[in-house]
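This report refers to the structure that appears directly beneath it.
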Amino acid sequence: AFADMSGEERGLLNLIDVKLPQSLTALLQWTFVGTGFTEITIPKNVTYINAPFIYTQGLTVRFETGSKIETIDSLGTQSDTVTAVTIPASVKEIKAGAFQKSSLNEITFEEGSQLKTIGENAFASCNLKTITLPAKLESIGAKAFDSCKLKTINYKGKAEDWSCIDLDIDWYEGIPATIVSCMDYDIPIYLAGLPEYIGTKSPSDTKEVGDIIFSDGSAMSYDYFLEN
């Protein structure tokens with residue numbers, strides 16, 4: 001493991017390139033502080049990460065193909081730290097506050113992502129404008145994207161799958177996005193998670209485009225739903 005670089009050792013602006021060894025299994029808190037490099041690849045044998053990057057200069061983080069890491073605790077939480085990251089398919093959980101207050105503006109989930117859990121405040125106060133969530137997602141915690149710039153939320157599963165996700169009632173608080181775009185339907189964000197909700201695409205037997213269509217084929221207007 002790489003240890004805490006604290007106290008007088010802080011500030012490695014002249015370090016402009018680093019190649020981590022294959023034997024590395026953990027990156028601990030404040031491993032790299034104030035470094036000059038702008039991208040780094042995490043070896044595939046690393047299975048534990050906890051805020052190793054602090055005050056870096058807009059960092060792009062990649063994981064080596066075949067990564068075994070299953071949990072992201074935090075990559076760094078200062079405003080000028082991680083700006084882009086690719087999450088390995090092996091990751092099952094992004095913990096509470098993992099990217100909170102970072103400069104993250106781009107996140108990609110590898111094909112075949114096993115991600116099941118996004119913790120509360122995981123992406124709060126970061127710069128994300130768009131995100132595509134994996135199909136195997138099972139839960140999103142409170143204020144996961146609070147005060148984020150998120151305008152577009154895509155989901156790689158169907159609306160029926162989205163309705164099975166355990167969504168905290170405040171999961172979408174503080175973001176400008178208004179819909180979740182599933183593979184088959186666009187769902188208003190305020191309705192996302194209702195177990196019987198299917199979508200807003202109107203079939204031929206409904207009265208108006210925009211009616212809410214339920215799994216039994218019945219429908220009601222969106223305005224009526226909000227009022228009742």
Side-chain angles (χ1 to χ4, degrees), residues 39 42 49 53 58-63 67 69-194 197 199-200:
E39 59 182 45
I42 309 298
I49 293 177
F53 308 112
L59 186 62
T60 296
V61 178
R62 300 183 180 90
F63 288 79
S67 175
I69 192 167
E70 295 188 356
T71 301
I72 302 293
D73 283 78
S74 175
L75 290 180
T77 56
Q78 300 299 324
S79 60
D80 56 351
T81 304
V82 178
T83 58
V85 63
T86 298
I87 302 295
S90 58
V91 171
K92 296 180 180 179
E93 180 181 11
I94 297 175
K95 289 202 168 184
F99 294 96
Q100 187 173 13
K101 295 183 179 179
S102 72
S103 292
L104 186 70
N105 57 41
E106 181 181 345
I107 185 168
T108 303
F109 296 95
E110 282 187 347
E111 286 297 320
S113 174
Q114 300 298 305
L115 185 67
K116 297 181 183 297
T117 303
I118 295 176
E120 64 180 77
N121 293 306
F123 298 99
S125 300
C126 71
N127 293 329
L128 278 179
K129 293 182 179 179
T130 182
I131 191 169
T132 298
L133 298 172
K136 293 192 176 182
L137 192 61
E138 294 181 357
S139 67
I140 302 179
K143 301 181 180 181
F145 303 97
D146 187 37
S147 300
C148 196
K149 299 178 180 180
L150 200 59
K151 294 182 178 180
T152 303
I153 302 175
N154 299 312
Y155 174 60
K156 298 196 80 170
K158 295 183 178 180
E160 183 178 1
D161 302 321
W162 179 263
S163 72
C164 296
I165 297 175
D166 181 12
L167 300 171
D168 186 274
I169 192 171
D170 293 326
W171 77 272
Y172 57 82
E173 184 172 319
I175 61 175
T178 58
I179 63 171
V180 175
S181 295
C182 303
M183 299 298 289
D184 50 354
Y185 293 109
D186 288 348
I187 302 178
I189 200 168
Y190 305 103
L191 302 179
L194 291 176
Y197 180 67
T200 57

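Small disclaimer: the values here were computed from a predicted structure and weren't measured.
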Could you measure the distance from the [atom1] atom of [X] to the [atom2] atom of [Y]? Nearest 0.5 Å is fine.
{"X": "Lys149", "Y": "Lys129", "atom1": "NZ", "atom2": "NZ", "result": "6.0 Å"}
{"X": "Cys148", "Y": "Asn127", "atom1": "SG", "atom2": "CG", "result": "7.5 Å"}
{"X": "Asp73", "Y": "Lys95", "atom1": "CG", "atom2": "NZ", "result": "4.5 Å"}
{"X": "Thr178", "Y": "Lys151", "atom1": "OG1", "atom2": "NZ", "result": "11.5 Å"}
{"X": "Ser181", "Y": "Ile179", "atom1": "OG", "atom2": "CD1", "result": "3.5 Å"}
{"X": "Leu133", "Y": "Ile153", "atom1": "CG", "atom2": "CD1", "result": "7.0 Å"}

Which atoms form the tightest heavy-atom contact between [X] and [Y], and what is the distance?
{"X": "Ala135", "Y": "Tyr155", "answer": "O-OH, 3.1 Å"}
{"X": "Ile69", "Y": "Phe63", "answer": "CG2-CE2, 4.1 Å"}
{"X": "Ile165", "Y": "Leu137", "answer": "CG1-O, 3.3 Å"}
{"X": "Ala159", "Y": "Ile187", "answer": "CB-CD1, 3.7 Å"}
{"X": "Ala98", "Y": "Ile72", "answer": "CB-O, 3.9 Å"}

Side chains of [X] and [Y] in contact at under 4.5 Å (non-hydrogen atoms):
{"X": "Val61", "Y": "Ile42", "answer": "yes"}
{"X": "Asp146", "Y": "Trp171", "answer": "no"}
{"X": "Val91", "Y": "Thr71", "answer": "no"}
{"X": "Phe99", "Y": "Leu128", "answer": "no"}

(request) Walk me through it: do Ile131 and Ile107 pass the test side-chain contact (heavy atoms from CB on, under 4.5 Å)? (result) CA-CA 7 Å; Ile131 191 169; Ile107 185 168; 3.9 Å; yes
(message) Would you say Thr83 and Asn105 are linked by a side-chain donor-acceptor pair, where the criterion is simply a distance under 3.5 Å?
(response)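 No, no side-chain donor-acceptor contact under 3.5 Å.
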(request) Run the numbers on Trp162 and Asp184 for side-chain contact (heavy atoms from CB on, under 4.5 Å), then give the verdict. (result) CA-CA 11 Å; Trp162 179 263; Asp184 50 354; over 6 Å; no
(request) Return yes if some donor-acceptor pair links the side-chain N/O of Ser90 with the main-chain N/O of Ser67 below 3.5 Å, else return no. (result)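 Pair found, side chain donor or acceptor close to backbone of Ser67.
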What pairs of donor and acceptor atoms, side-chain ones from residues 108-125 against any protein atom, are under 3.5 angstrom apart with sequence neighbours left out?
| unit_1 | atom_1 | unit_2 | atom_2 | d |
| --- | --- | --- | --- | --- |
| Glu110 | OE1 | Ala89 | N | 2.9 |
| Glu111 | OE2 | Lys156 | NZ | 2.9 |
| Ser113 | OG | Leu115 | N | 3.2 |
| Gln114 | OE1 | Lys136 | NZ | 3.4 |
| Gln114 | NE2 | Gly112 | O | 2.9 |

(request) Evaluate the criterion side-chain contact (heavy atoms from CB on, under 4.5 Å) for residue pair Leu150 and Tyr172; output intermediate values, then yes/no. (result) CA-CA 10 Å; Leu150 200 59; Tyr172 57 82; over 6 Å; no
